[in-house]
Amino acid sequence: MRDISILIAEDDEEIANLIVFHLEKEGYHAVKVSDGQEAVRVVENQAFELLILDIMMPEMDGYEVTRRVREQHNMPIIFLSAKTSDFDKVQGLVIGADDYITKPFTPIELVARVNAQLRRFIKLNHPQKSNKTNLEFGGLVISLDQRTVTLYGENIELTPKEFDILYLLASHPKKVYSVEDIFQQVWGEAYFEGGNTVMVHVRTIRKKLREDKRTNKWIKTVWGVGYTFNG
């Protein structure tokens, strides 16, 4: 198996070099670029298992890079930014990032989050054989093998984390998952303050599935407990 490659898009050379040093120390192959357009070009020509993107970069910001990358790829994306407000974090997650780390950060935290995202990504992209890889509920079809979702034949574009949440709930209809359960199983790390992150993702999934137009919702809120799939 080839080395795991990680792309770092960061215009601060000192920070970029620090990240490269610690990732390579962990055994990863790290590639760095200094602006958003270059990041998009490199992703188009080289395979990566994970991206680390600064938000404020020359030529193209991290948000736009994420939009471009998500058109073709589903690898985890971690935002690294000096923007610390809840609005910025939520915006990043809604656009398609899987995690958000604020500056200043400690290398040990960054490496831990990278490891957690890669464990989840590699596990989901090399699943154990199962007789239940496609889930069908009326016009909703969820394919684990292809990691696709269709609604009455129309492809629904979900981010990797949105897909993971939907598949987790749909693979166990009627079972109630707490916000903590969802965070731990989908993000693959201990739950601290991930409740808002989960709720934002669920809200976006509902919007993409056009739940506002359905009387019988697929994803139901169990107040004070969590969420369940009404399959």
Side-chain angles (χ1 to χ4, degrees), residues 7-12 15-16 19 33-37 39-40 43 50-71 73-107 109-114 116-117 120-121 156-166 168-169 177-212 217 219 221 223-224 226-227:
L7 176 67
I8 302 101
E10 167 63 66
D11 62 333
D12 186 315
I15 293 177
I19 296 171
V33 296
S34 58
D35 67 71
Q37 285 188 352
V40 172
V43 171
L50 184 141
L51 308 184
I52 299 174
L53 304 179
D54 187 15
I55 292 179
M56 303 304 295
M57 290 187 291
E59 308 300 332
M60 184 185 298
D61 65 24
Y63 295 140
E64 184 60 25
V65 173
T66 299
R67 292 189 188 97
R68 301 280 187 92
V69 169
R70 282 290 178 248
E71 292 175 359
H73 305 284
N74 70 341
M75 78 283 281
I77 295 176
I78 298 177
F79 274 158
L80 188 64
S81 177
K83 293 174 172 285
T84 60
S85 73
D86 288 340
F87 174 80
D88 291 316
K89 294 177 184 178
V90 169
Q91 183 180 10
L93 295 170
V94 169
I95 285 173
D98 299 282
D99 203 349
Y100 193 111
I101 302 176
T102 57
K103 300 177 182 178
F105 62 93
T106 62
E109 178 191 10
L110 177 65
V111 170
R113 289 178 182 252
V114 165
Q117 292 294 337
R120 186 68 181 168
F121 178 70
I156 304 298
E157 296 291 341
L158 299 182
T159 68
K161 286 293 185 291
E162 290 166 1
F163 179 90
D164 295 344
I165 292 171
L166 179 60
L168 173 66
L169 297 175
Y177 284 89
S178 69
V179 171
E180 291 88 345
D181 290 336
I182 294 172
F183 188 85
Q184 289 173 349
Q185 294 201 42
V186 171
W187 272 263
E189 55 186 280
Y191 174 87
F192 292 104
E193 297 180 352
N196 192 49
T197 298
V198 172
M199 288 186 285
V200 168
H201 279 71
V202 170
R203 188 184 312 132
T204 306
I205 295 169
R206 284 171 162 165
K207 182 178 180 180
K208 291 180 178 180
L209 294 180
R210 298 192 282 277
E211 291 275 66
D212 58 319
K217 313 294 186 185
I219 300 177
T221 299
W223 296 109
Y227 300 98

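Considering only heavy atoms from C-beta on, Ile182 comes within 4.5 Å of Leu169 through its side chain. Counting heavy atoms from C-beta on, the side chains of Phe105 and Leu80 come closer than 4.5 Å. By the 4.5 Å heavy-atom criterion applied to side chains, Ile55 and Asp88 are not counted as neighbours. No side-chain heavy atom of Ile165 sits less than 4.5 Å from a side-chain heavy atom of Phe183. Two residues are said to be in side-chain contact when any heavy atoms from C-beta on lie closer than 4.5 Å; Tyr227 and Val179 meet this criterion. Annotation: side chain of Phe79 is not in contact with side chain of Lys89 (no heavy-atom distance under 4.5 Å). Residues Ile15 and Lys103 have side chains in contact (heavy-atom distance under 4.5 Å, counting atoms from C-beta outward). Thr159 is not listed as a side-chain neighbour of Thr204, based on a closest heavy-atom distance of 4.5 Å or more.
Under a cut-off of 6.0 angstrom, the local environment of NZ in Lys207 is sparse, with at most 12 non-hydrogen atoms contributed by other residues, nucleotides or ligands.
Pro160 and Asp98 make their closest contact through CB-OD1, 4.0 Å (heavy atoms, listed as atom of the first residue, atom of the second, distance). The minimum heavy-atom distance linking Ala39 with Val65 is given by the pair CB-CG1, 4.3 Å. The two residues Met57 and Glu10 have their closest heavy-atom pair at SD-N, 4.1 Å. The heavy-atom pair separating Glu162 from Glu157 by the smallest distance is OE1-O, 4.4 Å. In terms of heavy-atom proximity, Arg206 sits nearest to Ile219 at NH2-O, 3.1 Å. Minimum interatomic distance between Pro58 and Asp35 (heavy atoms only, all atoms of both residues): O-CB, 3.3 Å.
Taking CG from Asn196 and NE2 from His201, the interatomic distance works out to 10.5 Å, rounded to the nearest 0.5 Å. Of the inter-residue distances, the one linking Leu51 atom CG with Met75 atom CE reads 4.5 Å to the nearest 0.5 angstrom. Put simply, CH2 on Trp187 and CZ on Arg120 are 9.5 Å apart, with the number rounded to the nearest 0.5 Å. Considering CD1 of Ile156 and CD1 of Ile205, their distance stands at 12.0 Å, rounded to 0.5 Å. Interatomic distance, NZ of Lys161 versus CG of Asp99, reported as 7.5 Å (0.5 Å rounding). The NZ atom of Lys83 sits 8.0 Å away from atom CD of Gln91, with the distance rounded to the nearest 0.5 Å.
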Inset, instruction - Using the side chain to side chain contact (heavy atoms under 4.5 Å, CB included) rule, take Leu7 and Val43 through it: C-alpha gap first, then chi angles, then the decisive distance, then the call. - result: CA-CA 8 Å; Leu7 176 67; Val43 171; 3.6 Å; yes
Legend entry - Residues Val114, Ile52; criterion side chain to side chain contact (heavy atoms under 4.5 Å, CB included); working and verdict: CA-CA 9 Å; Val114 165; Ile52 299 174; 4.0 Å; yes
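Using a distance-only test at 3.5 Å, with no hydrogens or angles considered, no donor-acceptor pair links the side chain of Gln117 to the main chain of Ile78. Checking side-chain atoms of Arg70 against main-chain N and O of Ala97 turns up no donor-acceptor pair under 3.5 Å.
Classification of Glu109 and Arg113 as a salt-bridged pair holds, one side-chain N sitting under 4.0 Å from a carboxylate O.
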